[in-house]
2 protein chains.
Amino acid sequence: MEDQKLELVKKPTVNDIARVAGVSLATVDRVLNRRPGVRAVTVQKVQNAIDELGYIRDTAAANLARNRVYNFLFVLPDTDNEFVEALSTQIIEQSRDQFIERTRMTIKKVPPFDPQGIVEFLDAINSRDVDGVAVFGPETPSVRDAVKRVRDKGIPVVALVSDLPSSDRDHFVGVDNVSAGRTAAQLMGRFAHRGGKVLVLTGSRLARDHLERRQGFDLVVAEEFPHLEVVASVEGRDDPELIYNMMPEIFETYPDLVGIYSSAAGNAGLVQFLSESKVVKDLVIIAHELTPLSREALSRGTFDALISQDTGHIVRSAVRLLRATSDTVPFNKAQERIRIDIYLKENLPL
Amino acid sequence: MEDQKLELVKKPTVNDIARVAGVSLATVDRVLNRRPGVRAVTVQKVQNAIDELGYIRDTAAANLARNRVYNFLFVLPDTDNEFVEALSTQIIEQSRDQFIERTRMTIKKVPPFDPQGIVEFLDAINSRDVDGVAVFGPETPSVRDAVKRVRDKGIPVVALVSDLPSSDRDHFVGVDNVSAGRTAAQLMGRFAHRGGKVLVLTGSRLARDHLERRQGFDLVVAEEFPHLEVVASVEGRDDPELIYNMMPEIFETYPDLVGIYSSAAGNAGLVQFLSESKVVKDLVIIAHELTPLSREALSRGTFDALISQDTGHIVRSAVRLLRATSDTVPFNKAQERIRIDIYLKENLPL
DNA sequence: TTGAAAGCGCTACCAG
DNA sequence: CTGGTAGCGCTTTCAA
């Protein structure tokens with residue numbers, strides 16, 4: 001009884017292991033860190049003690065002792081789109097807090113929609129000065145292979161926002177984009193009372209996240225909302241100006257549009273067109289990502305709902321995952337799940 | 001240049017302060033921890049060195065040295081409602097992780113809707129074995145005063161889920177319930193295509209969160225949805241059985257109901273009634289909190305949307321806030337903001 | 001193959 | 001009022 005209480009209150013340390021196993025601290029450490037130069041029998045003795053005592057390593061003390069510093073790299077597309085900007089801002093803002101926790105974050109911007117740029121950069125990474133990489137990029141064969149090569153150097157990699165499943169990345173930090181598209185469709189179907197055509201504004205064929213959203217959107221509209229018809233999607237390349245210029249023709253082709261699902265970036269062009277147009281109104285518009293612009297559009301009623309993902313959460317999660325992978329320690333799965341946020345004008349954060 | 005780089009890479013320690021200030025480690029520690037017995041001039045010297053170096057304390061090392069353990073208490077209503085159960089589960093599950101981080105969590109269940117029970121418990125708390133308290137309870141004058149007394153003992157207190165603003169609690173961990181009600185109303189207004197009466201099912205007049213939701217809901221319906229009329233709300237006391245039994249009479253009184261906003265707990269009674277009733281259908285139902293029951297109801301189409309708050313996040317946030325308050329260190333405001341989650345059947349987490 | 005001892009950044013105790 | 005020193009849990013030389 002007394003014993004049990006003590007074990008609950010005080011957790012075993014390396015000293016306890018050493019005592020129980022009858023070896024020195026140094027040997028315990030060697031076993032703990034899988035370092036060579038210990039006889040199999042000795043390893044076994046120590047391992048037994050560890051199991052028996054239910055030892056859990058104190059990571060904070062370990063990091064203190066080895067004066068460890070984590071160097072993480074964030075590879076982002078070099079566009080001026082608001083979502084990427086929000087991500088960058090988060091990384092920079094969190095740098096201060098993370099610095100205290102012994103982790104340094106660096107942002108590397110590579111040309112957007114350009115697999116080769118990412119590949120070259122990834123290949124130049126050295127395991128001596130980088131402890132982990134977070135990549136937000138397109139899932140092309142070359143990128144996939146480059147990611148594999150990074151991992152082969154022993155450097156953990158997480159995919160950010162847009163998954164790279166075929167690359168064998170350690171983790172994906174972002175939302176299920178098929179579900180995000182489905183969610184948008186459900187809102188569109190419920191909000192659009194009169195029937196008609198719906199347009200999907202997408203970004204690039206190379207971006208896996210955009211494709212998945214479109215796919216999810218189509219499925220739900222087809223299944224549940226026969227009063228709506230999704231027309232051929234338009235590729236806006238996340239470019240506000242391009243989008244702005246395309247809009248008149250779109251409305252000429254589909255004068256009876258009842259809704260737009262803006263599934264990528266470049267919303268500024270859409271908002272500008274809508275604010276200038278006198279004919280277009282009563283459209284249900286669902287867009288992605290909470291940014292200053294989209295927030296404003298939602299508040300004014302230009303947008304009806306936003307599908308979003310929390311950039312602060314994404315960055316924190318990437319760091320925690322990279323750290324856990326680097327230290328080969330477990331992580332809390334529920335905490336790392338990025339939610340598909342729905343914003344209406346009434347639940348906007350302060 | 002070289003210097004600057006070094007400062008960015010290596011942060012100053014107590015040893016640096018001691019050296020620069022020309023005093024011993026012990027004195028630096030005294031100043032750092034505001035302990036008495038140091039001459040004003042000496043304090044000043046040390047303070048100057050601290051400012052000059054831009055010193056930031058390494059909390060992990062400090063906690064290691066003092067072998068600090070945080071003892072936090074969670075005071076929850078002793079009901080079997082699913083939301084409180086989810087909170088308890090989170091606390092228990094997170095206990096394991098938190099244990100590693102030197103913090104112990106204890107749950108204390110007090111009779112629900114009974115301010116006196118909470119008061120007595122709070123008054124018995126001792127600052128020698130408790131380092132922080134998280135309270136989920138009604139905002140009555142007696143509770144408010146009891147919370148104040150706890151804080152007077154130097155113990156940090158956070159309000160959980162339902163705010164206790166008048167009590168001067170250190171922080172509130174939960175959503176803005178007026179906005180939550182507004183959000184529910186917006187969804188109700190958009191989803192309910194035909195006009196008619198809407199019922200609000202509430203919990204208790206004593207619960208601030210329930211009152212606020214109702215208030216927000218009424219405002220938005222009145223402002224934006226003239227086709228809907230909110231009828232006098234019904235108090236279900238979070239009791240499934242009571243709610244189940246009340247439903248027939250409600251539908252007799254309002255045969256033309258088009259929607260129900262279930263703003264509190266006890267959804268099991270509502271779901272059961274709906275599944276048994278042959279007459280009631282095509283109702284828009286918005287409920288609160290993602291639980292196994294509500295999740296199932298949403299998937300089946302019995303519920304149309306859920307307004308929720310992440311219990312995992314709430315518990316983690318409470319712990320971080322209690323710790324930060326206890327150590328008087330800053331915290332990340334954005335990270336601690338609990339979001340008003342909207343769930344449709346398409347964005348349900350795995 | 002193993003152990004002794006110093007040290008990471010910080011706190012606490014005991015002397016002076 | 002101030003300083004020296006041991007020690008928290010862990011890692012890392014350096015010797016043996």
Side-chain angles (χ1 to χ4, degrees), chain A residues 7 9-47 49-50 53-70 99-103 326-329, chain B residues 7 9-47 49-50 53-70 99-103 131 323 326-329:
Chain A
E7 290 201 359
V9 157
K10 238 191 143 342
K11 49 180 193 184
T13 74
V14 276
N15 288 293
D16 298 322
I17 301 176
R19 192 171 27 74
V20 172
V23 298
S24 76
L25 272 186
T27 299
V28 172
D29 187 67
R30 289 186 186 99
V31 176
L32 240 29
N33 295 298
R34 292 172 175 63
R35 270 191 285 264
V38 185
R39 274 187 310 168
V41 266
T42 316
V43 172
Q44 202 42 253
K45 271 197 299 185
V46 175
Q47 197 54 58
I50 291 174
L53 294 173
Y55 172 78
I56 304 170
R57 182 207 234 90
D58 183 333
T59 321
N63 284 341
L64 174 61
R66 59 168 64 155
N67 232 318
R68 194 186 197 326
V69 169
Y70 301 86
F99 187 89
I100 299 175
E101 324 251 69
R102 330 181 85 85
T103 117
S326 185
D327 295 344
T328 54
V329 296
Chain B
E7 289 200 1
V9 157
K10 233 186 148 346
K11 49 180 194 183
T13 73
V14 277
N15 286 293
D16 298 322
I17 301 177
R19 192 172 27 74
V20 171
V23 297
S24 75
L25 271 186
T27 299
V28 172
D29 187 65
R30 288 187 187 99
V31 175
L32 241 28
N33 295 297
R34 291 175 176 61
R35 271 192 284 266
V38 186
R39 274 187 310 167
V41 267
T42 315
V43 172
Q44 202 43 253
K45 272 196 300 187
V46 174
Q47 196 55 57
I50 291 175
L53 294 172
Y55 172 79
I56 304 170
R57 186 207 232 90
D58 183 333
T59 321
N63 284 341
L64 174 62
R66 59 168 66 157
N67 231 316
R68 194 185 196 327
V69 169
Y70 301 86
F99 186 90
I100 299 174
E101 324 250 72
R102 332 181 83 85
T103 116
D131 303 292
R323 238 204 298 224
S326 186
D327 294 345
T328 55
V329 295

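A, B, ... follow the sequence lines: proteins, then strands. Residue 1 opens every chain.
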*How close or far is atom P of dG7(D) from atom CG of Leu25(B), stated in whole angstroms?*
16 Å

_Touch class at under 4.0 angstrom, heavy-atom based, for Arg35(B) against every strand present_ = sugar-phosphate

*Comparing Val43(B) and Ala65(A) on DNA chain D - which has the more 5′ nearest nucleotide*: Val43(B)

*dC10(D), dT2(C), dT2(D): which one has an atom nearest the side-chain heavy atoms of Thr27(B)?*
dT2(D)

*Lys45(B) NZ to dG3(D) C1', straight-line distance once rounded to whole Å*: 13 Å

*Write down the distance between CG (Leu32(A)) and C1' (dT12(D)), rounded to a whole number of angstrom.*
14 Å

*Would you tell me if any nitrogen or oxygen in the side chain of Thr42(B) comes within less than 4.0 Å of OP1 or OP2 on dT2(D)?*
yes

*Distance-only donor-acceptor test (3.5 Å): side chain Arg66(A), base dG7(C)*: no

*asked:* Taking any heavy-atom pair under 4.0 Å as a contact, classify Asp29(A): base, sugar-phosphate, or nothing.
replied: base

*Tell me what Ala26(A) touches on the nucleic acid: a base, only sugar-phosphate, or nothing, going by heavy atoms under 4.0 Å.*
base

*Give one of base, sugar-phosphate or nothing for Val14(B), where a contact means two heavy atoms less than 4.0 Å apart.*
base

*Can you tell me how far OG1 of Thr42(A) sits from NZ of Lys45(A), rounded to the nearest 0.5 angstrom?*
5.5 Å

*Side chain of Arg30(B) only, please: which of dT11(C), dG3(C), dC13(C) is the nearest?*
dC13(C)

*Which part of the nucleic acid, if any, lies within reach of Asn33(A) when heavy atoms closer than 4.0 Å are counted: base, sugar-phosphate only, or nothing?*
sugar-phosphate

*Is any NZ, NE, NH1 or NH2 atom of the basic residue among Arg102(B) and Asp58(A) found under 4.0 Å from an Asp or Glu carboxylate oxygen of the other?*
yes

*Could you work out which one of dC10(C), dC8(C), dT2(D) sits closest to the side chain of Val38(B)?*
dT2(D)

_Can you see whether Tyr55(B) engages Asp16(B) through a side-chain donor-acceptor pair at a distance of less than 3.5 angstrom?_
no

*Interatomic distance, Arg68(A) CZ vs dT12(D) P [rounded to whole Å]*: 10 Å

*Rounding to a whole Å, what distance do you find between Asn63(B):CG and dA12(C):P?*
11 Å

*asked:* Nearest whole Å is fine: how far is dG7(C) C1' from Leu64(B) CG?
replied: 13 Å

_Rounded to whole Å, how long is the line connecting atom CD1 of Ile50(B) with atom C1' of dC10(C)?_
13 Å

_Rounded at 0.5 Å granularity, tell me how far CG in Leu53(A) sits from CD1 in Ile50(A)._
9.0 Å

_Under 4.0 Å, heavy atoms only, any strand: does Val23(B) hit a base, just the sugar-phosphate, or nothing?_
sugar-phosphate

*Under 3.5 Å, is there a donor-acceptor pair between the side chain of Asn33(B) and the main chain of Asp29(B)?*
yes

_Sidechain-backbone polar pair: Lys11(B) side chain, Ile56(B) backbone, donor-acceptor under 3.5 Å_ = no

*Looking for any heavy atom pair under 4.0 Å, which part of the strands does Arg57(B) touch: base, sugar-phosphate only, or nothing?*
sugar-phosphate

_Please confirm whether the shortest side-chain N or O distance from Ser24(B) to OP1 or OP2 of dT2(D) is below 4.0 Å._
no

*For Arg19(A) and dC10(D), give me the distance from atom CZ to atom C1', rounded to whole Å.*
16 Å

